[in-house]
Structures are given as structure tokens and as C-alpha cells.
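Note that these values count all heavy atoms, side chains included, but never hydrogens, waters or copies made by symmetry. Throughout, protein chains are lettered first and strands after them, A, B, ... in sequence-line order, and every chain is numbered starting at 1.
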There are 2 protein chains.
Amino acid sequence: MKILRSSEYDAIKAEILSRGDLDYKDINVTVEKIVKNVKENGDKAVLGYTAKFDGAELENMEVTKEEIDIAWERTPESLKNALTEAGNSIRTFHEKQKRNSFMDNSLKGKITGQLINPIEKVGIYVPGGKSPYPSTVLMNAIPAKVAGVKELTMITPPGKSGEIMDNILVAAKIAGVDRIFKIGGAQGVAALAYGTETVPKVYKITGPGNIYVALAKKQVYGMVDIDMIAGPSEILIIADDTANPRYIAADLLSQAEHDELASSILVTPSEKLAEAVSKEVDVQLAKLAKKEIAEKSLENYGRIIITKDLDEAIDMANDIATEHLELMVAEPFLYINSIKNAGAIFVGENSPEPLGDYYAGPNHTLPTNGTSKFSSPLSVDDFIKKTSVIYYSKEALRGVKDTVLEISDSEGLTAHSNSIRIRFEEE
Amino acid sequence: MKILRSSEYDAIKAEILSRGDLDYKDINVTVEKIVKNVKENGDKAVLGYTAKFDGAELENMEVTKEEIDIAWERTPESLKNALTEAGNSIRTFHEKQKRNSFMDNSLKGKITGQLINPIEKVGIYVPGGKSPYPSTVLMNAIPAKVAGVKELTMITPPGKSGEIMDNILVAAKIAGVDRIFKIGGAQGVAALAYGTETVPKVYKITGPGNIYVALAKKQVYGMVDIDMIAGPSEILIIADDTANPRYIAADLLSQAEHDELASSILVTPSEKLAEAVSKEVDVQLAKLAKKEIAEKSLENYGRIIITKDLDEAIDMANDIATEHLELMVAEPFLYINSIKNAGAIFVGENSPEPLGDYYAGPNHTLPTNGTSKFSSPLSVDDFIKKTSVIYYSKEALRGVKDTVLEISDSEGLTAHSNSIRIRFEEE
């Protein structure tokens, strides 16, 4: 890996952030056509695209109970148990995010409050392909169900013979997904946003996907809500000379194997550690199944930056606002309060990022590409919505009448003023 | 007002929702140019547009302390007191929305948690013109400050001689805005999103504006966060025959005076009330300053729907998912739990919408045009962001190791698996 000095920080940051700058104009036009066709022609359009893009001629788009039972039966107990245990851990954490409605009753004759209701209908997108990610199912479906979503619809592209991988169906059963449809791509997003004869319309769509899925989500945003447009993944590790270079190398590589656009950065004041990690990365890289991807990713966006001290490393982390942040320093909890911008903080040398990807509980859907400056991990909050409540008695309204009128009159809105005045006119 | 039956509901709903369907392609191209120019040329571009669109040749874009002091001095005590009192009420309510970070320490050797941090830098847009809205300043700036935003920048378009209306500056002082710039339109949004030599870059932009502002916000969305693209305003009143038709007429008109695209709807099982409200609207309409706007608005999107019973009225309200909902029925609290989709519920006959616009405490920035099915009033939540925390001891990691590996191996990610395994290899 390239080892650089903090004086080169600005250039490194620009490089990393530029990963989001791709030009998708042509794909956008294609996606627009697909979305429009599905909106107008429903199932017929969806079935056509599924045949064209996924190679599957489907009669029935919905996964049946029998298909789920078969997948369940032939999945090894060990994997079912692991997914169930992970699901429980994820559920326990997300239960803690639940919020109560509140009412303020401290003032006589006045009640103001905030009601929490689940979004009634939600759709989740789960990518298909040969290495499907059951963890994606758990991380999207469980918070929705904890929030109380009534109709949770999952879509995922089928294989050529119309099959969905067993571990995806098993994860969906564990997470409590209500209905599953064999649809992917922009056509799947459009089907969820508009509804078709068989696919129910939803109010919000979450979940990762390729560029077609991302652009389709962006196009339907506003009419339905979406979670976020996820960019390429990234990790930043802050380490001092007490850290184990082998662990750091392994964690950098676990990020790099995702994608050639993924970014893996080590920031450390220790020159010795920098050298050791760089060597160790080469040793471990050779053994990986996704060696080519990881190698390309590290070459493009893998960097080791040597800083003056730990404070400078923290400043860089806050400025880059990384998705995953590992703190591999002697007293890691000492630095948590200094981290202002990050998706998730992994504290100490025994909390590697994959622990969070699969098991620890917090969501693995995190803000990427600097967006943790203003956005948050996927959570129960994403599946609820709030409604304000205002109640005043006549006496309470009388008490504030003149104040309200002073402001509404100053804004020149006479009908607003009249709606207050009329309630006291007959007196 | 037009009185219709519930059998015509579908057509009415389609009409109301169609208000969002305008085609803005030409304006979008103009906005794209403005945003690009500001991004590339900073202050120079902003000053040019301010001269062109606002007619103001500015030397200094930032409002000085002296300008604020002068506005404060010449504003009547009564208005300053009213805005201060309203500000306190809004602050008290939003303080209740604040959330604590949490940590789960229930399992030995494992800590998971969720940290709450304010978004560091936020920009708010306040429209200008001859009837400026100080309530907009309070409703955007106070939740930001309650959340702990450090740098709160406000922009608002100046008059021809570079002036900002006194009540806007007074409201900004009361709300605790940090810096104010005399910039409006798409150029203002672009200046906040990219920063210029004088305008600081922010991470999130909130606040209402005309179509140029809305399209500019949409264009910079992703690079910075935005609150929402607000559509035209609306009210839906559910009433039974115990309700006062004069109050209902006044409240419908207070919505209608906003905008020709505003929608004001009464849903009631009482034929008698329907007739009485329709007549009363005509009586009150004649006296309004904004008579023309209100009349046009009612003609376009003002409707009275007679339903079978109150339950049908509630179902319609949930389906329309209105911004403002007034419950003017005999036992209004009985129905609150049946309302699933609404921005704000005004309970009983002495809680008119303008009370919430200015004073009661909950935010007046609410989801419009059916979006309360999936979105929420502006709140402190919009000015914070969350960061997950994961800490495992070595023993805790050992305890879950096999479970994590079962899943990561099933996903085919060998570097993920390796990052767990390597921590136990030397044993």
C-alpha cells in the first residue's frame, strides 16, 4: 500500500471523495424508460424485463410458501442457527432505538405532543447473483419489523430458472418479511413505487443495489421515500504503535474485497506500524478468493497516512467522515467523544468491522462517501414517522390570542388572524 | 365551495395530488446553470445574480451587527415580545424531542451503542419579499440550535437597496442564528452547498422557497442533506354536526389564502354542516386582504365531502395523508389513535391551524401532498445524526466467532472471515 505524509492529505481526500463523481447520464435514460414502462404497463413490463435482464421466464412472480419451506429444509442447521442468532442480536439492538410518542401536559389547558406511527408499507431490495447476502435481508427487514411495519415486501432478482438462493429465503423467514417477489433492477424499484397488478405499492424503499437500482430509487424519491443512495464502501483505521499490524491488514482487506471502488485507509502516527501493515497486506492479499478486486481497490483507494500525532489522525477522520472507523489505539474509549463524523466506530482490537457487518447488532447500512457529516446508519427511525398534536382549551387560546395575532398581522395574513379572532367575536 | 359525495372521492383525491405534477424542465436548466456558475465562480457569481434577480448591488453580503441592532431598535416592543414568547414556546416543545446517546451494557464484554451528535454546519433559507415570515426563521433556526448546531447560517434575498426586513432580523436574533447573508434563490442554495469566499459551506439546508430554491435544493441533495421539497400547503377538517361552521370556514380560508395551489377540504357526515360552511365561506371571503388568492384556491382545490359516517371520514383522511388535520368533533381525542397519516393534528374547536403556525410549539414545517405517509414534521431529529459504536472484548469475540464465520463464509467473503480468524490464529 502507498504510504504518504499528512501534508498530502488534501490530495488523498479529493481522490477518495471523487469515487462518487461518475457520470451516469446514459444509464439514467435507460432507467427512466424502464420506470415509465412499469408505471404504465405493470406486470407485463416487469415480466418482460425479468426475462430480458435475468433470463427468467416467470409465470408467478411471488415466492410461494412451499419454496420457502424447501429452502428452509435444505439449508444446514448451522447456517440457520447462525442467522437466527445474528437476527436476535440485531433485533435486540434495534429494539433499543424504539421511541415512544410523547405528550406535554405541563401547561393548563394545553396539550402538545408527538405521535410515533410505523410507515404502513415498506419494500426492501436485496441484490441477487451468485453470492447473495443474507445479512442484507436481516439488516433491512428487522428494523422495519421492530418499527411495526405491517406490510413488508421484499424483492430480489431470480436466477435463470426463477430460483432465489436458499440463504436469502431463510433470512427473510427469520426476519419476518411478509411477501417476496422475484424481481430485480430498476423494474423492481418501479414496481414497488407504483404497484402493479401483483406487486403491492409501498411508501418507502430501502436496501442496496447496483447503479440501475440506485438511479431508479433516486427517480422515484419524493413520491416514495428511500433510505439513501449508498456509495462505495470505506474503512478508516486510526492506530498507534500498540496495534497489531496483522489485524489492521486483515481489516483493510475485508473492506477492499467488496469493490474496486472501496477505500481502505490507515491513519497512524507510527512509521513502524505503517511499514509493517503495508508488508502484511501483501502477505494476506495472496490468499484471498477476491484477490483481484482487493488488489485493484487498494491500488486505487487504499492509503496509509503518517500523521504528526493521534490528534491529527482524529481530525482527518472527522473531515473524511468515514463509513467505518476502527480505533486501534491503547485507550480507544478515550477518543470516542472526539469522533464527530462516522457511520460506525469499532472500538479496540477485537471489534473488527465484519463483526458489525453480521452480528453485533447495529445496522450495517451506513452513510458513505463523507455523508456521515449529515446522515445516519439505517435504524428504526427510518421506518416510523411522526405526527404533531396540538390541543388548546378556549381559555388557553384566549391567553395567547394577542401574541399570535401580533405575529400573523405582521405577516399580513388576515385569514390567519381571522381564524383566531372569530373564536372570540361573539363574546 | 363545491359539495360532493364520498362516491366522488377518488376523483377529488386525484385532483388534489395532481398539484405536485407540474413540469419544471425549463426552470431546471436555468437552475443547473446558476448552481454550476456559483460552484465555479463563488462570490462573483452570487453578487451578479443578486444584482440581476433582486436588483441589489451589494458590496457586503453579510448582515452586520449594526444592521441587526437598528432593526431591533425600530421594531415595536409588542412584536418583539410576541416573537420572543413564540420562540420560547417553540423551544420548549423542541427540547422534548432531544435524544440521548445510548449504550447497551447488558452482555459481558460487549458494548453496543448509538451516539447522537449535532450536524456541525447548517444553512437555513428564508424567503424575502414584501411579506416576510418571521415564523419561518423561528421554526427552522430553533430546532437547529436545540440540536446543538454550531454554525447556523441563514440566507434571505435582499430588497433593492440591500435591506432585509426588520422582523426577519429580529426573529433571527431571537432564534440564535449565527450569521446572516443577503442572498436568495438558486444562487443562495448553491452558495451554502459549495461555500464561497464569504459564505461558509454547510452540510444541510432547510427552509421553504420558490420553485428555483426547491429545484436547487434537489440538485445539491446528496452532496449536502436537505429537509424536504415542500409542495403546496393543505388542510383537511373532519367535523360532525356539533362543529361551528364559522370556525371551520375561517380555518379553511386561512389555508386558502396561502397559495392558489393550496387545498382546503372539509369531510363531514353532516349535510347541514356542509351547507352552512359553504355559505359562511362566501361571507368571510369577501373581507380578506388576499381574497383573490383564497377564492382561486377554493375554486381549484377547496372541497366539501359528505361521508356516510365519521369512520369513512377518518379513512379518507388517512388515505389523503394531509399536512394539517383539524378534528372538530364532539369527542376529538377519541379519534387521535385512528389517524395514522397526517403532519399535524389540531384537536377540538379551539385549536385552529394558525395557533400551530406561530405559537403552540410543534414545527409548522410539515409533510405535504400525501407525504405524511412516510415523512415527518421538521424536528430536532433533522439536525442531529447518529453514529453506532461496537466494542467486543477478545473473550466476547471468541464467543460469537463461529456464528459470524458461518455467515461470512456463506456470503463468500474470505477477507471478512479472515479478519475474524486472524485474531485467534496464534492460539
With a 4.5 Å cut-off on heavy-atom pairs, point out which of V224(B), D357(B), I336(B), I420(B) contacts chain A the most. V224(B)
Do S264(B) and Q255(B) have a side chain donor and acceptor closer than 3.5 Å? no
Under 4.5 Å to a heavy atom of chain B? For P132(A) that would be backbone
Could you check which of A82(A), A250(A), S388(A), S376(A) has the highest count of heavy-atom pairs closer than 4.5 Å to chain B? S388(A)
Heavy-atom proximity to chain A below 4.5 Å, by part of S417(B): neither
Considering only heavy atoms, which portion of I111(A) lies under 4.5 Å from any heavy atom of chain B: side chain, backbone, both, or neither? side chain
Do E257(A) and K291(A) meet the salt-bridge criterion of a basic N to acidic O distance under 4.0 Å? no
If I measure from the heavy atoms of chain A, does T371(B) come under 4.5 Å with its side chain, its backbone, both, or neither? side chain
Report the relative orientation of the aromatic rings in H324(A) and F346(A); use parallel for angles under 30°, tilted for 30 to 60°, perpendicular for over 60°. tilted
Between T387(A) and chain B, which part of the residue has a heavy atom less than 4.5 Å away: side chain, backbone, both or neither? both
Are the aromatic ring centres of F102(A) and F93(B) under 6.0 angstrom apart? yes
Sort out for me which of R99(A), Q114(A), K110(A) touches chain B most, counting heavy-atom pairs under 4.5 Å. R99(A)
Highest number of heavy-atom pairs under 4.5 Å with chain A among G361(B), A86(B), S135(B) belongs to S135(B)
Region of D402(A) that comes under 4.5 Å of a non-hydrogen atom in chain B: neither
Closest non-hydrogen atoms of D382(A) and I119(A), given as atom of the first, atom of the second and distance, are O-CD1, 3.7 Å
Y221(A) ring center near Y221(B) ring center (under 6.0 Å): yes
Give, as side chain, backbone, both or neither, the part of S372(A) having an atom under 4.5 angstrom from any heavy atom of chain B. backbone
So what's closer than 4.5 Å to chain B heavy atoms on L115(A): side chain, backbone, both or neither? side chain
Go through the atoms of V400(A) and report whether side chain, backbone, both or neither lie under 4.5 Å from a heavy atom of chain B. side chain
Which one wins on heavy-atom pair count under 4.5 Å against chain B: G222(A), S89(A), S254(A), S410(A)? S254(A)
Residue selection (most heavy-atom pairs with chain A, distance under 4.5 Å) from Q284(B), R398(B), K204(B): Q284(B)
Tell me whether D104(A) contacts the main-chain N or O of G113(A) through its side chain, where contact means a donor paired with an acceptor under 3.5 Å. no
Could you please spell out the steps behind the side chain to side chain contact (heavy atoms under 4.5 Å, CB included) verdict for K150(A) and K121(A)? CA-CA 6 Å; K150(A) 265 190 216 151; K121(A) 305 172 188 197; over 6 Å; no
Main-chain N/O of V380(B) paired with Q97(B) side-chain donor or acceptor, under 3.5 Å: yes
In short, H416(A) meets P354(B) closest at the heavy-atom pair O-CG, 3.7 Å
Quick check on L405(B) against chain A: is it the side chain, the backbone, both or neither that has a heavy atom closer than 4.5 Å? neither
Atom group of D225(A) that falls short of 4.5 Å from chain B, counting heavy atoms: both
Between R423(A) and L397(A), is there a side-chain heavy-atom distance shorter than 4.5 Å? yes
What residue in T403(B), V347(B), I390(B), L79(B) has the most heavy-atom pairs under 4.5 Å with chain A? I390(B)
Value for OG (S297(A)) from CG (L253(A)), rounded to nearest 0.5 Å, stands at 9.0 Å
Side chain, backbone, both or neither of E411(B) within contact of chain A (heavy atoms, under 4.5 Å): both
For M165(B), is it the side chain, the backbone, both, or neither that has a heavy atom closer than 4.5 Å to a heavy atom of chain A? neither
Among the listed options N341(B), T92(B), L252(B), V122(B), the residue most often paired with chain A at heavy-atom distances under 4.5 Å: N341(B)
Proximal component of E349(A), with respect to chain B [non-hydrogen, under 4.5 Å]: backbone
Counting heavy-atom pairs under 4.5 Å to chain A, which of G412(B), A342(B), A256(B) comes out on top? A342(B)
Would you please indicate if the ring centroids of Y133(A) and Y358(A) are separated by under 6.0 Å? no
For each of L288(A), L83(A), L413(A), I384(A), tally heavy-atom pairs with chain B at distances under 4.5 Å, and name the one with the top tally. L413(A)
Which residue out of L355(A), L366(A), I339(A), N418(A) racks up the most heavy-atom pairs below 4.5 Å with chain B? L355(A)
Tell me if a side-chain donor or acceptor on T75(A) pairs with a main-chain N or O of N167(A) at a distance below 3.5 Å. no
Given that the side chain runs from C-beta out, which part of S101(A) has a heavy atom under 4.5 Å from chain B: side chain, backbone, both or neither? neither
Considering residues at least two apart in sequence or located in another chain, which fulfil the ring-ring contact (aromatic ring centres under 6.0 Å, His included) criterion with Y391(B)? F333(A)
Give, as side chain, backbone, both or neither, the part of R421(A) having an atom under 4.5 angstrom from any heavy atom of chain B. neither
Could you tell me which portion of S375(B) (side chain, backbone, both or neither) has an atom closer than 4.5 angstrom to a non-hydrogen atom of chain A? backbone
If I compare all heavy atoms of P377(A) with all of G343(A), which pair ends up nearest, and what's the gap? CG-O, 3.5 Å
Can a side-chain donor-acceptor contact be found between K386(B) and N117(B) if the only test is distance below 3.5 angstrom? no
Among N81(A), N244(A), D381(A), who wins on heavy-atom pairs under 4.5 Å with chain B? D381(A)
